[in-house]
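Reviewing the structure listed below.
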Amino acid sequence: MNQQLFELLYYIKVNQIQSISIMAKELKYSYYIVSKLKKQLMSLGYIDNYSITNEGINALKPYKVDNAIIMAAGMSSRFVPLSLEKPKGLLEVKNEILIERQIQQLLDAKIKDIIIVLGYKKEMFYYLKDKFPSLTLIINDEYNTKNNTNSLYLVRDYLKNSYICSSDDYFSENVFKEYVYSSYYSSIYVNEKTNEWYMEKDKNNLIKKISLSGEDGYIMLGHVYYNHQFSDKMKNLLEENKQTHLYDSCLWEQILKDHLDEFPPMQVKEYDSNIIHEFDSLEELRQFDYRYLTDSQSNIMKNIARYFKCCEKDITNFKSIKEGMTNDSFVFKVNNQYYVYRHPGDGTNEIINREHEQKALAIAKSIDIDPTFIYMDKNEGWKISNFVDGFRMPNYQDFEDTKIVMRLLRRLHSKNIQVDWMFDPYKEALILEKKVQEKRGIKLDDYQEIKDRVVKIHQQVVNDGVTPRFCHCDVYSPNLLFTDKEPILIDWEYAGNADPGCDVAVYVMCAVYSIDEAKKLIKEYLQETYTESLEYHYLAYVAICSFYWMTWALYREICGKDVKEALNNWHKMAKEYSEYLIKKD
């Protein structure tokens with residue numbers, strides 16, 4: 001059956017229209033073509049005048065949609081601040097929850113087998129099972145380390161005649177059908193340059209080329225449909241990727257782009273721009289649903305508006321800040337000034353005393369080490385800071401930068417400030433170890449060996465005469481802002497009375513310096529106070545702090561944070577330095 005016959009047959013099945021003129025108008029075919037197609041369907045026995053027959057129903061069966069897969073695992077970091085509080089698919093748009101609206105549209109199209117892939121804040125979606133009992137929920141535990149290619153791999157066995165959807169799309173009319181003729185990617189035509197994926201099509205409306213970003217053209221937007229043949233090919237390529245990991249960090253569209261000639265044909269299905277809506281930012285959502293100008297239903301937005309005594313519509317220009325493994329931060333603009341909002345990461349309030357952090361920030365500002373601090377809520381953990389424009393972070397490989405950092409640490413430590421709380425990396429590591437053991441267990445084969453060595457090293461230096469004082473305890477590149485003035489040290493969550501070795505050690509650890517490089521840095525920090533025993537003390541704290549941060553990374557992993565590279569580095573440093581110091585003894 002060709003596509004024209006299919007479309008008329010499906011139209012007759014769905015509609016009770018007994019007018020060739022009306023059918024021609026709605027199908028956008030000529031009266032002559034519809035008359036000719038109708039005669040063909042009758043001769044095949046698929047219709048009886050204007051009614052579909054049992055033979056016609058059977059003829060449609062190969063085109064029946066088997067299921068729909070809704071991708072809902074990602075964080076949508078471009079949608080800060082709203083995405084920090086809830087997944088984008090759970091936003092309420094024009095009085096409907098995005099994903100609920102899409103599920104209902106699928107059900108209305110008689111597509112009852114719906115699979116949802118969850119990851120970020122997955123528990124917030126679980127209520128859907130009560131509301132729509134037929135749903136199947138699949139969990140993507142690697143949503144924060146791999147792209148949606150992995151989500152598609154997890155549902156590979158469900159791929160048949162399948163819709164592939166995004167949980168955050170808003171369709172102003174129901175785009176789903178019970179029967180679909182061939183694979184397609186939905187699209188709208190744009191006249192301006194964008195960073196979206198573009199499709200070029202041939203005379204038969206089939207995709208012949210895919211490119212990322214471009215000028216005017218057909219962009220990939222909205223839902224996709226795979227037929228059985230397309231699904232089979234995609235499953236094979238997903239299985240290959242499981243072995244090669246080539247596409248782990250890619251969208252599945254990259255697979256389609258790279259293997260386009262190998263796939264069965266896929267059409268470009270064009271929609272009017274007022275039918276398919278995707279919102280890449282709060283500003284875009286505000287244009288579609290004006291309620292978000294005055295009330296975004298976000299506690300973060302309410303915090304900012306309350307502090308600055310402004311309306312939510314006055315808060316604009318949101319941009320996610322990528323750095324940071326403890327919390328999530330973004331830049332925003334109010335009254336022509338840019339600021340940074342820090343949102344506490346999941347699970348961090350279990351390991352960070354926010355009241356202590358607030359005191360530490362006030363101290364750091366008073367001694368001009370961190371002039372960016374504006375306000376922090378000690379109960380909820382959110383913070384507002386001045387945005388520093390035109391800064392750079394230190395280069396670990398540039399020793400001149402290292403000298404600047406060591407000079408800053410000497411200035412901090414020379415104040416000899418005492419506070420009424422401690423940060424002991426060894427004791428804190430044991431607390432975190434217990435939390436990890438309770439939740440998942442330690443999955444490092446040599447963890448106990450490293451710990452045993454660190455215990456001995458800690459015993460040797462804990463009472464060797466170096467006086468604890470107010471320290472930052474998280475001195476790594478993203479927390480150091482180099483400007484044309486004095487460097488700035490930000491983010492004081494782990495600050496407290498601590499051995500000054502903690503500050504020096506964390507910089508060494510995060511730079512992944514060799515033993516010799518660390519010794520050079522320690523001499524630069526100690527200056528005229530250098531002794532071999534002090535050198536040992538500071539090297540010992542590299543081992544101790546690396547052990548703490550290695551354990552910290554294990555804990556952040558079970559909280560859903562991507563810390564793989566950092567965990568590998570800190571594990572390496574804890575192992576290398578503890579082995580060196582034990583052998584030295």
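We count residues from 1, following the sequence as given.
Inter-residue side-chain proximity for Y29 and L8 is flagged as unmet; no heavy-atom pair is nearer than 4.5 Å. With contacts defined as side-chain heavy-atom distances shorter than 4.5 Å, the pair L554/R440 qualifies. At a threshold of 4.5 Å between non-hydrogen side-chain atoms, the residues K13 and E178 count as touching. Under the 4.5 Å side-chain criterion, counting only non-hydrogen atoms from C-beta, I210 is not in contact with Y185. The shortest side-chain heavy-atom distance between V331 and N317 does not fall under the 4.5 Å cut-off.
Within the cation-pi definition used here (under 6.0 Å to the ring centroid, within 45° of the axis), K110 does not qualify as a partner of Y179.
Applying the ring-ring contact (aromatic ring centres under 6.0 Å, His included) test to pairs two or more places apart or on separate chains, those with a residue in residues 51-77 are F6-Y63, Y63-Y181.
Between the side chains of Q40 and Q4, no donor N or O sits under 3.5 Å from an acceptor N or O. Using modelled atom types and a 3.5 Å distance limit, the side chains of N58 and K61 yield a donor-acceptor pair. Of the N and O atoms on the side chains of T372 and N386, not one donor lies less than 3.5 Å from an acceptor on the other residue.
With sequence neighbours left out, the side-chain hydrogen bond (donor to acceptor under 3.5 Å, both in side chains) criterion links Y143 to no other residue. For E142, the salt bridge (charged side-chain N to carboxylate O under 4.0 Å, His left out) partners are K146, not counting sequence neighbours. Residues meeting the side-chain hydrogen bond (donor to acceptor under 3.5 Å, both in side chains) test with K122, sequence neighbours left out: none. K25 pairs by the side-chain contact (heavy atoms from CB on, under 4.5 Å) definition with nothing, not counting sequence neighbours. Partners of D377 under the side-chain contact (heavy atoms from CB on, under 4.5 Å) rule, at least two apart in sequence or in another chain, are Y375, N379, E380, W382.
Remark: R291 engages E92 in a salt bridge, criterion side-chain N to carboxylate O under 4.0 Å. Note on D157 versus K235: no salt bridge recorded, every NZ/NE/NH1/NH2 to OD/OE distance being 4.0 Å or above. The existence of a salt bridge linking K88 and D168 is confirmed by a sub-4.0 Å separation between a basic side-chain nitrogen and an acidic carboxylate oxygen. We find that D280 and R78 are joined by a salt bridge, their nearest charged nitrogen and carboxylate oxygen being less than 4.0 Å apart.
Exactly one residue among Y341, F387, F79, Y338 makes a ring pair (Phe, Tyr, Trp, His ring centres under 6.0 Å) with F330. That residue is Y341.
Closest approach of S151 and M71 over heavy atoms only: CB-SD, 3.7 Å.
Aromatic ring centroids of Y271 and F171 lie 6.0 Å or more apart. A distance below 6.0 Å separates the ring centres of F332 and Y339. The six-membered or imidazole ring of H223 lies near that of F176, with a centre-to-centre distance under 6.0 Å.
Between F230 and Y226, the ring planes lie tilted relative to each other; the angle falls in the 30° to 60° range.
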